Amino acid sequence: MQLLAVLAAASFTSASAATDIMWWHAMSGELGRQLEKVAADFNASQSDYRVVPSYKGNYTETVRAAIFAFRSRSQPAIVQVNEIATATMMAAKGAIYPVHELMHDQREAFSPGAYLPAVAGYYADLDGNLLSFPFNSSTPILYYNKDMFRDAGLDPELAPKTWPEIGQAAKRLRDRGAPCGFTTSWPSWIHVENFSAFHNLPLATEANGFGGLGTSLTFNNPVVARHVAQLAEWQASKIFDYSGRATTSEPRFQKGECGIFIGSSGTRADIKANSKFEVGYGMMPYWPDVAGAPQNSIIGGATLWVLRERPAAEYKGVAKFFAFLSRPEVQAAWHQNTGYLPITRAAYELTRKQGFYGRNPGSSIAIEEITLKPPTENSRGLRLGSFVLIRDAIEDELEQAFAGRKSAQAALDSAVERGNRLLRQFERAGPER
């Protein structure tokens, strides 16, 4: 009898064990802690499933790890993929489980209309069906050190709005002894991709790739060339100081080396946590002599893609996790704690009603910037195959310009040539759209 009781207890324990769902992601630091909190909150809300987050490095490293894992059938159910890899993920039809299909199959409520158009449109197919789950959407904004502004005789309550104003303020900071006037993260995302959208300039033909695979890059135009040339000129006196790719520049702002920083709205949590000075916020700058500027910025960040060939029980849990993430209170908390955009209308309205924007000046700038004007074909976003590699080519060439080894025009011409070769290779591979 005692043995039977033990076996029965063991059987009950096994039957009631939660199904683990692996979630591979690319968030470290404060953002990683907030992500783990989201998973922990879901796990605490029910007992059938347990989402297990696992940090796999930056976005490129995370996607690469998922690809290798898929080949050995050890892939996670969920992987976080950055926005510029959308076309590449769409091409991998046998590996992905489109989110709209998942939610339908699992009979979980899911309405693309609940999401902000600037977010949903980026990750939907031509019929408006969401292919991945919008999670962390950001856009570039301006951060500045109010203490350094006061010391340099600049108005600490007035963020520079245009590129000429950036140059003037950064020069004052340098004259006052700052090691650098301003720096930025993600050089291609800010100075080519978002710069083009904010000035209503096409990055590529075919509506920046949304219209088809036969797209060609066009960002080597006079406006972008002039901008890159100005950055290179400022680089010589460290009015602008290039600090590397991705987020390598961010600590320079947090430590007070650079008085102005242009980076992701999603880095607000890290900046607030690590800066020992009063931070000011502003929109991304623009050149005032460009007709139509400012237009609207485009999103960055990432979505959650579901990978195929996992047990059926896991997919039921993934659908419930996505339904949990869609709740207004969950989305509002994520937005407020990180600086990422409130990706649903309900989360935005809840945050506004809670008075968050009033208590936290500057926290609504990303939303105001991305909805500044109705998106055009030039400012909806981009959907270009192999864009992870294309962005590397762009940043290679920008570094040549900043170092004075190439003119801005020559660098951009080379980036376009290299990028178009990659687009043709992607097109010849023949992925379905």
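None of the values given here were measured: they were computed from a predicted structure. Values reported hereafter were calculated over all heavy atoms of this structure, with side chains retained and with hydrogens, waters and symmetry mates removed.
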[X] side chain vs [Y] backbone, donor-acceptor pair below 3.5 Å:
{"X": "Asp125", "Y": "Asp127", "result": "yes"}
{"X": "Thr248", "Y": "Ser243", "result": "yes"}
{"X": "Thr162", "Y": "Glu165", "result": "yes"}
{"X": "Gln75", "Y": "Arg308", "result": "yes"}
{"X": "Thr205", "Y": "Ser216", "result": "yes"}
{"X": "Ser379", "Y": "Thr376", "result": "yes"}
{"X": "Tyr315", "Y": "Arg310", "result": "yes"}
{"X": "Asp151", "Y": "Asp147", "result": "no"}
{"X": "Lys373", "Y": "Pro294", "result": "yes"}
{"X": "Arg268", "Y": "Gln336", "result": "yes"}

Quick one: do the [X] and [Y] side chains pair a donor with an acceptor below 3.5 Å?
{"X": "Tyr242", "Y": "Gln235", "answer": "no"}
{"X": "Thr184", "Y": "Trp186", "answer": "no"}
{"X": "Gln80", "Y": "Thr62", "answer": "no"}
{"X": "Asn296", "Y": "Glu369", "answer": "no"}
{"X": "Asn274", "Y": "Glu250", "answer": "no"}
{"X": "Ser188", "Y": "Glu193", "answer": "yes"}
{"X": "Ser132", "Y": "Thr303", "answer": "yes"}
{"X": "Trp287", "Y": "His199", "answer": "no"}
{"X": "Ser363", "Y": "Tyr281", "answer": "no"}
{"X": "Ser414", "Y": "Glu397", "answer": "yes"}
{"X": "Gln400", "Y": "Asp396", "answer": "no"}
{"X": "Arg252", "Y": "Thr183", "answer": "no"}

Within a strict 4.5 Å, meaning less than it, do heavy atoms of the [X] and [Y] side chains meet?
{"X": "Leu35", "Y": "Thr338", "answer": "no"}
{"X": "Gln331", "Y": "Ile343", "answer": "yes"}
{"X": "Leu116", "Y": "Arg345", "answer": "yes"}
{"X": "Ile394", "Y": "Leu217", "answer": "no"}
{"X": "Trp305", "Y": "Leu131", "answer": "yes"}
{"X": "Tyr115", "Y": "Leu130", "answer": "yes"}
{"X": "Gln295", "Y": "Leu372", "answer": "no"}
{"X": "Lys320", "Y": "Ile21", "answer": "no"}

Output the distance between atom [atom1] ([X]) and atom [atom2] ([Y]), rounded to the nearest 0.5 Å.
{"X": "Trp189", "Y": "Asn194", "atom1": "CH2", "atom2": "CG", "value": "6.0 Å"}
{"X": "Ser54", "Y": "Ile78", "atom1": "OG", "atom2": "CD1", "value": "12.5 Å"}
{"X": "Phe356", "Y": "Asn360", "atom1": "CZ", "atom2": "CG", "value": "4.0 Å"}
{"X": "Asn82", "Y": "Asn58", "atom1": "CG", "atom2": "CG", "value": "8.5 Å"}
{"X": "Met22", "Y": "Lys56", "atom1": "CE", "atom2": "NZ", "value": "6.5 Å"}
{"X": "Ile262", "Y": "Met284", "atom1": "CD1", "atom2": "CE", "value": "8.0 Å"}

Closest heavy-atom contact between [X] and [Y]?
{"X": "Gln254", "Y": "Asp270", "answer": "NE2-O, 3.6 Å"}
{"X": "Thr247", "Y": "Ser185", "answer": "CA-CB, 4.2 Å"}
{"X": "Arg174", "Y": "Pro179", "answer": "NH1-O, 3.4 Å"}
{"X": "Ala170", "Y": "Ile260", "answer": "N-CD1, 4.3 Å"}
{"X": "Thr215", "Y": "Leu423", "answer": "O-CD1, 3.6 Å"}
{"X": "Ile370", "Y": "Ser297", "answer": "CG1-O, 3.3 Å"}

task: Name all residues meeting the side chain to side chain contact (heavy atoms under 4.5 Å, CB included) criterion together with Ala366; count only those two or more places apart in sequence or in a different chain, and write none if there are none.
output: Thr139, Ile141, Ser265, Leu341

Check: Phe322 ring centroid to Phe135 ring centroid under 6.0 Å: no

message: For Phe42 together with Tyr49, are the ring centres under 6.0 Å from each other?
response: no

- request: Would you check, one step at a time, whether the test side-chain contact (heavy atoms from CB on, under 4.5 Å) holds for Trp163 with Arg226?
  value: CA-CA 12 Å; Trp163 283 109; Arg226 181 188 68 168; over 6 Å; no

task: Check the pair Arg418, Leu422 against side-chain contact (heavy atoms from CB on, under 4.5 Å), reporting the backbone distance first and the verdict last.
output: CA-CA 7 Å; Arg418 293 171 62 183; Leu422 289 164; 5.7 Å; no

Partner of Val416 under side chain to side chain contact (heavy atoms under 4.5 Å, CB included), chosen from Asp413, Leu412, Asn420: Asn420

If you count the non-hydrogen atoms of other residues, nucleotides and ligands that lie under 6.0 Å from [atom1] in [X], is the total more than 12?
{"X": "Lys161", "atom1": "NZ", "result": "no"}
{"X": "Glu377", "atom1": "CD", "result": "no"}
{"X": "Arg359", "atom1": "CZ", "result": "yes"}
{"X": "Lys171", "atom1": "NZ", "result": "no"}

field: Verdict with supporting geometry, Tyr340 and Ser138, side-chain contact (heavy atoms from CB on, under 4.5 Å)
entry: CA-CA 5 Å; Tyr340 282 113; Ser138 59; 3.6 Å; yes

Taking NZ, NE, NH1 and NH2 as the nitrogens, is one of them in [X] or [Y] under 4.0 Å from a carboxylate oxygen of the other?
{"X": "Arg33", "Y": "Glu30", "answer": "yes"}
{"X": "Arg352", "Y": "Glu349", "answer": "yes"}
{"X": "Glu108", "Y": "Lys316", "answer": "no"}

query: What residue among Tyr143, Phe253, Phe240 forms ring pair (Phe, Tyr, Trp, His ring centres under 6.0 Å) with Phe182?
result: Phe240

- prompt: Passes side-chain contact (heavy atoms from CB on, under 4.5 Å), Phe195 versus Val223? Steps please.
  reply: CA-CA 10 Å; Phe195 180 90; Val223 178; 3.8 Å; yes

